[in-house]
There are 2 protein chains.
Amino acid sequence: MTPPRRADAERNRGLLLEAAREQRDRRGAVPPLAELAACAGVGVGTAYRNFPSRGALVEALALEGLRELLTEGRAALATGEADSLDAFLTRAVRMLVADPSLAEVVSRPADASPPTLQAVGDLHGVLVDLLDRAQQAGRVRADLTAADVHHLVCGVQLAVRLAGSDAAAGDRFTAVLLAGLRA
Amino acid sequence: MTPPRRADAERNRGLLLEAAREQRDRRGAVPPLAELAACAGVGVGTAYRNFPSRGALVEALALEGLRELLTEGRAALATGEADSLDAFLTRAVRMLVADPSLAEVVSRPADASPPTLQAVGDLHGVLVDLLDRAQQAGRVRADLTAADVHHLVCGVQLAVRLAGSDAAAGDRFTAVLLAGLRA
DNA sequence: ACCTGAACACCGTTCAAGT
DNA sequence: ACCTGAACACCGTTCAAGT
């Protein structure tokens, strides 16, 4: 399946991801590619050998958060409680606000890499199940789809960001969303 | 106050705005500045003589929609009805979805031109009044500020856009927002 | 006072040359 | 097979020269 890579190529890929993660955490955004490549100690061409584009590299970083969100979604589903949807959506909004690149990928996964599309698809499946359970229990409006809830969460994430990513505002906006979903 | 401008400068300004409006309506976005200047039949330098930046030109276009929204807000306020906030927010979401540049300006007015800041400020004032009346009537949660509602509307606008600007989705999302605002 | 457009800055992407 | 970095494309912005 996966073709074997030369060890140095694999190492450079890791150096690029690590440099991107460090710069993102230190400065809030992944720097331009030339600068990023310099931080990683490689040439820009090496970045393009390991990733189809700069966006794909950022996306690979976001995938870590995406999988974490997926894990939380499955845990919420496993509780078996009808209102586990609320806890999951609250957590999702917080994670999307904390990581702009994760929000970007979750909002517009259209031209993402196969692993990302897989994870987004899995996440959607979890949301379908969580929503279905909440709707069966009569706790959420029946006219909403999982895609609706997905898009609304992305919307609330933007609202919180516009409010300066303030935690209290995030709590209020999430409360508005959850109340609005009620049947 | 306003220094007198030479007639040809004023005319070029109008040509640029008209070209930008036409391109936006025909192709969904204002083209790069070199192309826009060519459409208007002027040089790029002329664009910079009339606007501080390309963004400022786009913003000047959005200002038209902003003033329209302001007019509607005042009309909603003039009805004197406690639930005129709902009608206004519904209209606001539709207008923001229909015009990305308007949504951009309403979402992030920070570094906008004085006339735009004025209009955004006026709009905020109208929203304060509409919200206050709805809260006094016990129709909307008391813990929400006008800024909260402002940000939430921007968020719903994004959600609708992510749903492909579908009108039915817009209606559902607006319904979720309005229900969520209820006391 | 205003106009033009070549030149510059910035950043993502490609590709010829090298190991 | 992989690496490097100069070169290219694109687009916003500036400014010297012209009217």
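- With sequence neighbours left out, B:Asp171 forms a side-chain contact (heavy atoms from CB on, under 4.5 Å) with B:Arg94.
- Scored by the side-chain hydrogen bond (donor to acceptor under 3.5 Å, both in side chains) test, B:Arg21 finds B:Glu64 as partners (sequence neighbours excluded).
- Using a cutoff of 4.0 Å between basic side-chain nitrogens and carboxylate oxygens, A:Asp99 and A:Arg24 are scored as salt-bridged.
- Rounded to whole angstrom, the span from the CG atom of B:Leu36 across to the P atom of C:dT4 amounts to 13 Å.
- Applying the side-chain hydrogen bond (donor to acceptor under 3.5 Å, both in side chains) rule to A:Arg74 yields no partners; only residues at least two apart in sequence or on another chain are considered.
- Take B:Arg11 and apply the side-chain hydrogen bond (donor to acceptor under 3.5 Å, both in side chains) test, not counting sequence neighbours, and it matches no residue.
- Applying the side-chain hydrogen bond (donor to acceptor under 3.5 Å, both in side chains) rule to B:Glu72 yields the partners B:Arg91; only residues at least two apart in sequence or on another chain are considered.
- Only B:Asp8, B:Ala9, B:Asn12, listed by number, bring a heavy atom of residues 8-24 of chain B to less than 4.0 angstrom from any atom of DNA chain C.
- Applying the side-chain contact (heavy atoms from CB on, under 4.5 Å) rule to B:Val44 yields the partners B:Ala34, B:Ala37; only residues at least two apart in sequence or on another chain are considered.
- The CG atom of B:Asn50 sits 15 Å away from the P atom of C:dA1 (whole-angstrom rounding).
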Could you go over nucleotides 13-16 of chain C and give all protein N or O partners under 3.5 Å, atom names and distances?
{"unit_1": "C:dT13", "atom_1": "OP2", "unit_2": "A:Tyr48", "atom_2": "OH", "d": "2.4"}
{"unit_1": "C:dT13", "atom_1": "OP2", "unit_2": "A:Arg54", "atom_2": "N", "d": "3.0"}
{"unit_1": "C:dT13", "atom_1": "O5'", "unit_2": "A:Tyr48", "atom_2": "OH", "d": "2.9"}

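- Applying the 4.0 Å criterion to OP1 and OP2 of C:dC2, one finds that B:Arg6 has every side-chain N and O outside that range.
- Distance B:Arg5 CZ to C:dC2 P: 7 Å, rounded to the nearest Å.
- In this structure, B:Arg139 has no salt bridge (charged side-chain N to carboxylate O under 4.0 Å, His left out) partners at least two apart in sequence or on a different chain.
- Contacts of A:Thr46 classified as side-chain contact (heavy atoms from CB on, under 4.5 Å), with partners at least two apart in sequence or in another chain: A:Asn12, A:Val42, A:Asn50.
- Side chain to side chain, B:Ser113 and B:Glu59 meet the donor-acceptor criterion of an N or O pair below 3.5 Å.
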Next on the checklist: For DNA chain D, please output the secondary structure as dot-bracket, reading 5' to 3'. Pairs are Watson-Crick or G-U wobble, both atom distances under 3.5 Å; mark crossing pairs with [ ], other-strand partners with |, unpaired with a dot.
Outcome noted: ||.|||||...|||||.||
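- One interatomic measurement links the two molecules: CZ of A:Phe51 to C1' of D:dC2, which rounds to 15 Å at whole-angstrom precision.
- The side-chain contact (heavy atoms from CB on, under 4.5 Å) test applied to A:Asp148 returns A:Leu144, A:Thr145, B:Arg172, B:Phe173, not counting sequence neighbours.
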